[in-house]
Every structure is written in C-alpha cells, then in structure tokens.
Amino acid sequence: MSIEFRKDLFADERDDNLNEIGKPKLRQDIEGHVRGRTAYYDDHLFDGLLHMRCVRSPHHHAKVRSVDTSAAERMPGVVRVIRPSDVPNNLNTLLSLIGFGRDDEQLLSDQVVRYAGEPILAIIATSEAIARAACAEVRVDWDVQPHVLDVEEAIALGAPSVNPAYPNNTFEYGPYDHVKLRFGDVQAAFAQADHIVAAEYEMSPIEQAPIETCGAIAAPETADRFVCHTGTQALFFSLGTSAKLLNLASSRLHFIGGTVGGGFGGKVDSIVEPMAVLGAMLTGKPVKFQWDREEEMQVGAPRGAERWRIKDGVLADGTIVARELTGFFDAGAYTRLSSYAGTKCTGHLPGPYSIPNVASNTYCVYTNRTPATAMRGFGITGVDFAIECHMDRVAEAAGVDPISLRIKNAYRDGDMKAHRREAKNCALVESCQVAAGKAGWGLSAEDMAASSLTGTDAARQAIPETALDGEGKIGERRAGRTASTSPAPGTSRLPAGSRGEGHMAVPVQRPDMQIAPERVGHHDPAAHAQANAAPQAQPAMPTPPAAAPTPPAQAASAPPAAPPAATPPQAPTPAPATPPAAQPKPYEPDQPFSRGVKRPGASRFLSGSRRR
C-alpha cells in the first residue's frame with residue numbers, strides 16, 4: 001500500500017522540516033530481525049535452568065476449600081511448590097506506581113478465584129514436562145460461586161460482587177461510579193431536534209496474540225541481585241511492580257529487555273517477571289516462566305469488551321445539536337489498565353465533531369472474565385468505531401450524504417470541545433475531501449470549498465450553560481436507587497463561560513494533575529490582568545562591603561634578626577613499616593564454571609545465548 005503525503009494541505013501551519021517521515025529509513029534493529037540474529041529473552045541460556053508452571057482455576061468464580069500438593073511434591077524433578085504465602089507482598093494493581101487506584105489483584109490467589117485461569121500455585125521443576133505433570137497431580141477442592149460475565153448484569157441489583165476492593169463492581173472515580181462529561185443541555189436540545197437517532201454498538205474482547213508468548217527468565221547474580229530477561233513492553237513498570245510484590249529494593253533487580261517478539265499492548269501487565277524472580281529467590285537457581293500458546297490465549301490480558309449507546313439529536317439539515325453517550329468497559333476481574341481507558345475515552349468524546357450539547361457516562365465494570373489491558377489505542381478505537389457507525393445511521397435518518405454530514409459537523413480550528421479545550425490543527429474536513437476524491441465519491445461544491453481553517457464562530461467557540469446532575473454516586477446503582485443509565489435532567493446549572501470552580505466535586509489525586517482554568521478554555525480576567533501587570537522594580541543589588549584594611553608592611557630599615565645557633569643534623573628516624581592494606585579477593589563462584597561467562601556482576605549460571 002502506498003502512502004501519499006499531501007504537503008499542500010496546511011502548508012502555512014507547518015515549517016516543513018520533516019527530515020525522516022516519508023523517506024526510507026533503516027531501523028537500527030532491522031538487520032538482526034531479518035537475519036534471525038536478534039536475541040529475545042528466551043534465547044539466553046543458563047546452566048541448570050528450572051521451569052515454572054501454574055495451577056489455574058477451571059472456574060469463573062470459586063472459593064478454595066483445600067489444596068493437596070503431596071503427590072506433586074513426591075514426583076522426581078519437582079524442586080519447589082510456590083504458594084500465595086511465599087509472595088512477600090501479595091496484592092497489587094498496575095497503576096499503583098503512579099498512585100491511581102487501589103491494590104486489588106494477588107499474584108497467586110489464596111482463597112478465592114475470580115476468573116477462569118487465575119493461578120493459585122506455581123510448581124518449579126527441572127523440566128517443563130515435569131512441571132506440567134506435577135501441576136496435573138495437584139488436587140483442589142473448589143466451592144463454585146455464582147459468576148457474572150456481562151457488564152450490565154454486573155452492575156444490576158443483586159449481582160454477585162466480583163472484586164472486594166470495589167464491591168459495587170465499578171471502578172470509583174471520586175464520589176461517582178463512572179466518569180461524567182457534561183457540556184450544554186442535551187435534554188433541552190433533544191426537544192428541539194428534528195430527528196432522534198439512537199443505537200447500541202458492542203465490541204468483543206480481542207487477544208493480541210503475539211508470536212512470542214509472555215515470559216521471563218530470572219537468575220541470581222552476584223551481590224545478592226537478580227537478573228531478569230523479559231519480553232515486557234514496559235521494562236520499568238515491570239521492575240517497579242516486581243520490587244513491590246517481592247518487597248525488594250529496585251537496586252537488587254537487573255532487568256534486561258527492549259526486544260519484544262510482538263506485543264501490541266499485551267505485555268505491559270508485569271505478571272511473569274515477578275513470578276520468575278520469585279522462583280529464583282526461593283530456589284537460588286535460574287527459573288524460566290513462559291506461557292504456552294493456550295495460556296497466552298486464556299490468561300493473556302486482552303483488549304476489553306466495550307458496549308456503547310449513542311443517542312443524537314439532529315436538525316433537518318444534518319446539524320447534530322446533542323449527543324448522549326453511555327459506555328461500559330469490561331475490566332474483567334481486576335483493574336489493571338481499564339480504569340485509565342474510561343478516563344482516556346471521555347477526553348476524546350464526542351469524537352471529532354463540534355456538538356453544542358454533550359453528556360456521557362462511562363463505566364469501568366468488573367466481571368468474572370480475564371482482566372483486560374492495553375491494546376493499540378485502547379479507550380479510543382472502540383468508541384471511534386461506534387461513533388463512525390452512528391454517523392452513518394444519522395446520515396441515513398436525516399437524508400444527508402454521509403461524507404457531507406461529517407464535513408458539516410467536523411471541528412474547525414477555534415471551536416470549543418466538550419471537555420473545554422480549544423480545537424487546533426483540525427484536519428477532518430480535508431481528510432474527507434481527499435478520501436472522497438480517491439473513492440470517486442461526488443461532493444457538492446460547498447463541501448469541496450469547506451476548510452478546517454474557517455467556519456468557526458462565536459457560537460461554536462462558546463462554553464454553553466451546562467445542566468449538571470448528581471446521578472451515579474458510588475453504591476446507589478447496586479442499591480436500586482438509580483433507575484437509568486442515561487444522564488438525568490439537570491438538577492443544577494453551570495453558567496455559560498463559568499470557570500466551574502464551584503462544581504469541581506472530584507478532587508484530583510495529585511496536586512500536579514490540577515487543571516489550570518486557562519488550559520481548559522476558561523478566561524479569568526483578574527488573573528490575566530495580574531499576569532500582564534507591569535513588573536515591579538527589582539530590588540537594588542546590595543553594595544559590597546569595603547575591603548578590610550591591610551596591615552602596614554614591615555619597615556624595610558629594620559635590622560635582620562640573628563640566625564639561630566647551628567646544630568648538627570640528625571639522621572632521620574625510619575618510620576615503622578605499614579602493613580599493606582587487605583586487597584579484595586577476586587570474584588570466585590561457589591562452584592567451578594562448567595561453561596559460559598566468568599565476569600563479576602554476571603549471573604554465575606549464564607552460559608550464553610542460543611545460536612541459530
């Protein structure tokens with residue numbers, strides 16, 4: 001597929017210094033990939049490498065009554081059974097490293113499993129086959145519990161609670177159980193619309209399916225450190241998460257990554273690295289923990305399922321005057337990155353369109369499914385799919401050409417977005433014109449003359465009076481006190497152009513995340529005047545003190561002092577001999593190397609890398 005760069009578009013906004021884009025460029029690592037010489041984490045060879053496998057839940061939701069590992073422990077080749085009690089700090093959430101969300105997931109679950117495939121034990125053996133066979137010998141007495149797999153069933157009255165950290169089955173955004181966006185008054189705009197177009201869209205979970213499955217190899221190093229070769233996409237996230245779960249100083253962890261055999265977002269969850277390091281800590285030997293293809297498909301975190309309901313109010317000419325969105329992100333059993341997806345998508349609504357009245361409620365919901373995580377634009381791609389499908393429905397209902405409808409409602413430079421930021425560098429109009437030309441799709445002269453640079457006006461730049469509501473406080477829905485997922489009619493109103501300080505009900509989690517009003521499109525005349533006030537006179541520099549008076553020089557006419565009486569020179573007394581300082585002994589391994597490297601700081605088990 002060829003790529004065409006249209007430098008004629010927005011040429012006056014661009015300094016045209018693109019030195020790399022659009023030109024052939026040899027990636028620094030491409031030669032190793034093409035020639036098959038690139039080393040991935042599984043290519044590092046260690047003497048005496050042990051293998052780890054997990055005992056996993058066959059149920060979506062169950063309690064663990066008892067676990068019998070005696071048969072597995074008697075098997076020749078089994079080195080160690082790792083239980084939840086062996087994990088020093090067995091509770092974590094991925095975004096805890098940036099202070100977002102509560103710890104809600106165990107590395108190994110001890111009493112309750114909340115999705116099929118959740119691990120409860122790990123077994124380390126001298127070969128992968130023995131580790132697999134030992135896992136099959138573990139006997140678990142399960143007490144199967146009711147489960148829920150649908151987002152709206154999960155938040156319904158009487159649904160089983162999935163995640164004890166969030167007992168209402170929704171992530172908690174301040175006082176609400178969802179992310180709210182309010183701009184204008186959608187209910188009033190619906191009443192004035194000529195068409196109301198409502199529809200529902202749903203996306204299934206998608207597994208990233210990298211060719212290289214998730215895994216890591218950890219081994220003891222010298223100086224009480226551990227080296228970990230991993231295919232993670234987030235090396236420092238994995239290092240920090242491992243340090244937290246294993247209660248280790250991060251300086252004791254030596255993580256080596258950077259080459260990933262396919263990831264697409266699915267290798268950011270930092271699950272395999274702490275397991276491999278824990279195995280190395282408990283055995284003192286190199287341990288490899290790698291998912292097979294079946295595990296990758298079953299417990300590899302996918303892009304979560306999404307469900308969107310969109311309702312538009314449209315005038316007869318195709319102008320969209322109101323858009324209401326209700327979205328559900330299926331987080332699975334634990335948070336991981338889904339809470340961020342809800343926040344991220346709300347900042348993207350209502351799509352690339354200038355709509356004067358917008359209301360959205362976005363939920364991050366816990367179900368008894370595999371926890372979801374990142375994948376290629378997560379939080380954006382799904383809702384974009386829903387919005388663009390809905391635009392075609394709107395065009396059909398209003399009898400307007402679908403591309404013409406997009407051009408009519410597209411952002412122009414200077415428009416005010418629903419989350420109160422000014423639209424800049426817009427390009428949807430031009431993109432529609434070019435796409436129509438490539439497809440041979442006829443557009444009117446008016447559409448061909450349209451531009452993203454023109455078309456804004458005072459109405460499109462204004463922040464309208466906004467209807468607010470307090471619907472969706474934490475716990476109300478599951479207590480039966482909220483009947484609808486739609487935004488409720490306004491119970492209070494935010495004046496047009498207000499800075500909104502009186503309605504900032506949700507405090508930011510960190511002070512440096514506080515949004516300055518000027519950044520979100522509000523103008524504070526007092527602050528502006530103060531910023532533009534004449535600078536005050538700078539205080540005068542202090543005068544340095546006068547130099548201290550110097551003592552008078554000795555009179556040149558004074559007679560010289562008499563020399564001291566001569567004494568015979570004394571032979572120097574030899575200093576006592578100082579014993580030489582003890583020199584550190586050179587590094588010595590505990591056992592002679594059979595092969596491999598012999599340098600201090602490297603794992604004594606490292607024996608090279610795989611040759612192809």
Side-chain angles (χ1 to χ4, degrees), residues 60-61 93-95 100-105 112-116 118 145-181 200-206 269 301-310 324-346 348-349 359-375 378-383 385-386 471-487 506:
H60 294 297
H61 191 195
T93 188
L94 184 65
L95 294 181
F100 190 60
R102 303 169 188 157
D103 290 340
D104 67 346
E105 183 174 4
V112 181
V113 291
R114 300 179 175 87
Y115 68 93
E118 186 163 2
Q145 300 290 309
H147 64 270
V148 59
L149 301 177
D150 181 85
V151 286
E152 290 186 86
E153 292 177 3
I155 62 175
L157 190 64
S161 182
V162 176
N163 187 330
Y166 299 96
N168 296 298
N169 286 352
T170 52
F171 186 82
E172 296 172 1
Y173 298 91
Y176 298 103
D177 63 4
H178 61 280
V179 187
K180 301 167 76 77
L181 173 64
E200 179 178 302
Y201 307 89
E202 189 163 328
M203 281 66 68
S204 300
I206 302 175
D269 283 349
R303 180 210 296 273
E306 297 177 37
R307 181 174 300 159
W308 284 96
R309 295 198 183 96
I310 304 176
E324 178 185 286
L325 306 104
T326 304
F328 302 91
F329 281 91
D330 188 345
Y334 301 108
T335 305
R336 299 199 186 174
L337 287 169
S338 296
S339 56
Y340 170 55
T343 303
K344 186 179 174 185
C345 92
T346 300
H348 177 66
L349 299 175
S360 74
N361 293 337
T362 306
Y363 298 81
C364 171
V365 184
Y366 299 99
T367 65
N368 294 109
R369 300 175 76 162
T370 303
T373 191
M375 181 181 177
F378 72 113
I380 299 297
T381 309
V383 68
F385 161 76
E471 180 195 53
K473 295 287 181 61
I474 294 171
E476 288 183 346
R477 183 175 307 281
R478 281 171 59 84
R481 292 196 293 272
T482 302
S484 171
T485 58
S486 299
V506 183

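This is a predicted model, so every value here is computed, not measured.
For the side-chain contact (heavy atoms from CB on, under 4.5 Å) test, residues two or more places apart in sequence or in another chain that qualify with Ile206 are Arg303, Met375. Not a single side chain to side chain donor-acceptor pair (under 3.5 Å) links Asn168 to another residue, sequence neighbours left out. With sequence neighbours excluded, the residues that form a side chain to side chain donor-acceptor pair (under 3.5 Å) with His178 are Asn361. Judged as a side-chain contact (heavy atoms from CB on, under 4.5 Å), and not counting sequence neighbours, the contacts of Ala372 are Ser338. Applying the side-chain contact (heavy atoms from CB on, under 4.5 Å) criterion to Pro160, with sequence neighbours excluded, gives Pro146, Val148. With sequence neighbours excluded, the residues satisfying side chain to side chain donor-acceptor pair (under 3.5 Å) with Arg114 are Tyr334. His147 pairs by the side chain to side chain donor-acceptor pair (under 3.5 Å) definition with nothing, not counting sequence neighbours. For Thr370, the side-chain contact (heavy atoms from CB on, under 4.5 Å) partners at least two apart in sequence or on another chain are Tyr115, Pro302. With sequence neighbours excluded, no residue forms a salt bridge (charged side-chain N to carboxylate O under 4.0 Å, His left out) with Glu153. Considering only residues two or more places apart in sequence or on other chains, Lys344 meets the salt bridge (charged side-chain N to carboxylate O under 4.0 Å, His left out) condition with none of them. Partners of Arg336 according to the salt bridge (charged side-chain N to carboxylate O under 4.0 Å, His left out) rule, which considers only residues two or more places apart in sequence or in another chain, are Glu105, Asp269.
Sorted by first and then second residue, the salt bridge (charged side-chain N to carboxylate O under 4.0 Å, His left out) pairs involving residues 366-375 (not counting sequence neighbours) are Asp330-Arg369.
Within the model, atoms CZ of Phe171 and SG of Cys364 stand 7.0 Å from one another, a figure rounded to the nearest 0.5 Å. Here the CD-OH distance, from Glu476 to Tyr176, works out to 9.0 Å after rounding to the nearest 0.5 Å.
Using bins of under 30°, 30° to 60° and over 60° for the plane-to-plane angle, the ring pair Phe328/Tyr363 lands in the parallel bin.
Within the 3.5 Å criterion, the main-chain N or O of Tyr166 finds no donor-acceptor partner in the side chain of Thr170. Not a single donor-acceptor pair under 3.5 Å links the side chain of Tyr201 to the backbone N or O of Val383. Within the 3.5 Å criterion, the main-chain N or O of Ala154 finds a donor-acceptor partner in the side chain of Asn169.
Proximity of Asn368 to Leu149: side-chain heavy atoms (C-beta onward) are separated by under 4.5 Å at one or more points.
Salt-bridge check for Glu471 with Lys180: failed, with every basic side-chain N at 4.0 Å or more from each acidic carboxylate O.
For the pairing with Thr335, the side-chain hydrogen bond (donor to acceptor under 3.5 Å, both in side chains) check across Asn163, Asp103, Asp104 returns one residue only, Asp104.
Shown here for Leu349 and Thr362, the closest heavy-atom pair between the two residues is CD1-OG1, 4.5 Å. Of all non-hydrogen atoms in Trp308 and Ala386, the two that sit nearest each other are CB-CB, 4.0 Å. The shortest non-hydrogen separation linking Ser360 to Thr346 is OG-CG2, 4.2 Å.
Between Phe329 and Phe378, the ring centre distance reaches or exceeds 6.0 Å. Between Phe100 and Tyr340, the distance separating the two ring centers is not shorter than 6.0 angstrom.
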Thr367 and Asp150: CA distance, side-chain angles, deciding distance, side chain to side chain contact (heavy atoms under 4.5 Å, CB included) verdict: CA-CA 7 Å; Thr367 65; Asp150 181 85; over 6 Å; no
